[in-house]
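Numbers restart at 1 for each chain; the letters A, B, ... are given by sequence-line order, proteins then strands. Quantities reported herein were computed from a predicted structural model and do not represent experimental measurements.
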Amino acid sequence: MQYWLMKSEPSAFSIDDLANAPHQTTPWDGVRNYQARNFMKQMQLGDLAFFYHSNCQVPGIVGIIEICKLAYPDFTALDKQDLHYDPKSTLEKPIWEMVEVRFKEQLPRLISLKELQTYHQHLDMPLLRKGNRLSIMPVTKEQWLFIQQL
DNA sequence: GCCAACGTTGGC
DNA sequence: GCCAACGTTGGC
């Protein structure tokens, strides 16, 4: 059982969008960063992840989601119309992958980046490091439990 | 909207 | 393989 943190811009896809989606699941498509992709490949069914709202008024953790489908090729990379189209990726040799996630719960309150920063010393997560741009990152069990009890 | 930080690209 | 130029991310 592993833990993760996954970022999404709520203007593109929010925790509410996921809660209202069919079966409350969605493919996590559009990841175009190798490090983030490699983390998705490591994900196992039943792994849990914090759903993080980025690039918005109050960035922070808003909910918990569960990995419900293992990594498979991200078909949006092949779609010329798609925002995340990548001409280097082909059907035979796909570059990008995605998992599917299911809504677990909305947190009783938003745990803002600002609040998390106050525990920077203790948490030491990639999320809290300056200039961090990684959209998917592992979370240790200790970090997970600490954040959950907030 | 600004801009710092970072990843990627491509010329050499 | 280096590195400048460029595009993107994401907090503010």
K.L.:
What about A:Leu113 and A:Leu134, same hydrophobic cluster or not, with Ile/Leu/Val/Met/Phe/Trp/Tyr joined at side-chain heavy-atom distances under 4.5 Å?
P.N.:
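Yes, it is one cluster - the side chains of A:Leu113 and A:Leu134 are joined through contacts under 4.5 Å.
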
K.L.:
Around A:Gln57, counting heavy atoms of other residues, nucleotides and ligands shown, do more than 12 lie under 6.0 Å from its CD?
P.N.:
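No, CD of A:Gln57 has 12 or fewer neighbouring heavy atoms, counting only those of other groups under 6.0 Å.
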
K.L.:
What's the CZ-C1' distance between A:Arg129 and C:dT9, to the nearest Å?
P.N.:
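Rounded to the whole Å, the gap is 17 Å.
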
K.L.:
Would you mind checking if A:Arg32 and A:Asp74 are paired as a salt bridge, meaning a charged N to carboxylate O distance below 4.0 Å?
P.N.:
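Answer for the salt bridge query: yes.
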
K.L.:
Quick one: A:Leu134 CG to C:dT9 P, roughly how many Å, whole number?
P.N.:
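The answer, rounded to whole Å, is 13 Å.
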
K.L.:
Ignoring backbone atoms, test whether A:Lys7 places a side-chain nitrogen or oxygen under 4.0 Å from the OP1 or OP2 oxygen of C:dT9.
P.N.:
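Looking at the OP1 and OP2 atoms of C:dT9, neither is under 4.0 Å from any side-chain N or O of A:Lys7.
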
K.L.:
First locate atom CD1 of A:Ile111, then atom CZ of A:Phe50, and finally report the distance between them rounded to the nearest 0.5 Å.
P.N.:
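A:Ile111 CD1 to A:Phe50 CZ: 6.5 Å, rounded to 0.5 Å.
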
K.L.:
Can you measure A:Gln35 atom CD to B:dG7 atom C1' for me and round it to whole angstrom units?
P.N.:
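Rounded to the whole Å, the gap is 10 Å.
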
K.L.:
Any side-chain N or O of A:Tyr52 below 4.0 angstrom from OP1/OP2 of C:dT9?
P.N.:
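So the side-chain polar atoms of A:Tyr52 never come under 4.0 Å of the phosphate oxygens OP1 or OP2 of C:dT9.
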
K.L.:
Grab the CG-C1' distance between A:Asn132 and B:dG7 for me, whole Å please.
P.N.:
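Rounded to the whole Å, the gap is 13 Å.
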
K.L.:
From CZ of A:Arg32 over to C1' of C:dT9, roughly how many Å is that when rounded to an integer?
P.N.:
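A:Arg32 atom CZ is separated from C:dT9 atom C1' by 15 Å.
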
K.L.:
Using OP1 and OP2 only, check whether a side-chain N or O of A:Lys88 sits under 4.0 Å from B:dT9.
P.N.:
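Yes, such a contact exists.
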
K.L.:
Taking atom C1' of C:dT8 as reference, at what distance in whole Å does atom CG of A:Leu83 sit?
P.N.:
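Answer to the nearest Å: 11 Å.
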
K.L.:
What is the distance, to the nearest angstrom, from the CG atom on A:Asp86 to the C1' atom on C:dG7?
P.N.:
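After rounding, the reported distance stands at 14 Å.
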
K.L.:
If you pin A:Tyr34 and A:Asn55 to their nearest nucleotides in DNA chain B, which one's is more 5'?
P.N.:
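On the 5' side of the pair lies A:Asn55.
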
K.L.:
State whether A:Lys130 places a side-chain N or O below 4.0 Å from either non-bridging phosphate oxygen (OP1 or OP2) of B:dA5.
P.N.:
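Answer yes for this pair, as a side-chain N or O of A:Lys130 is under 4.0 Å from OP1 or OP2.
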
K.L.:
Starting at NE2 of A:His53 and ending at C1' of C:dC12, how long is that distance when rounded to a whole Å?
P.N.:
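After rounding, the gap between these two atoms is 19 Å.
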
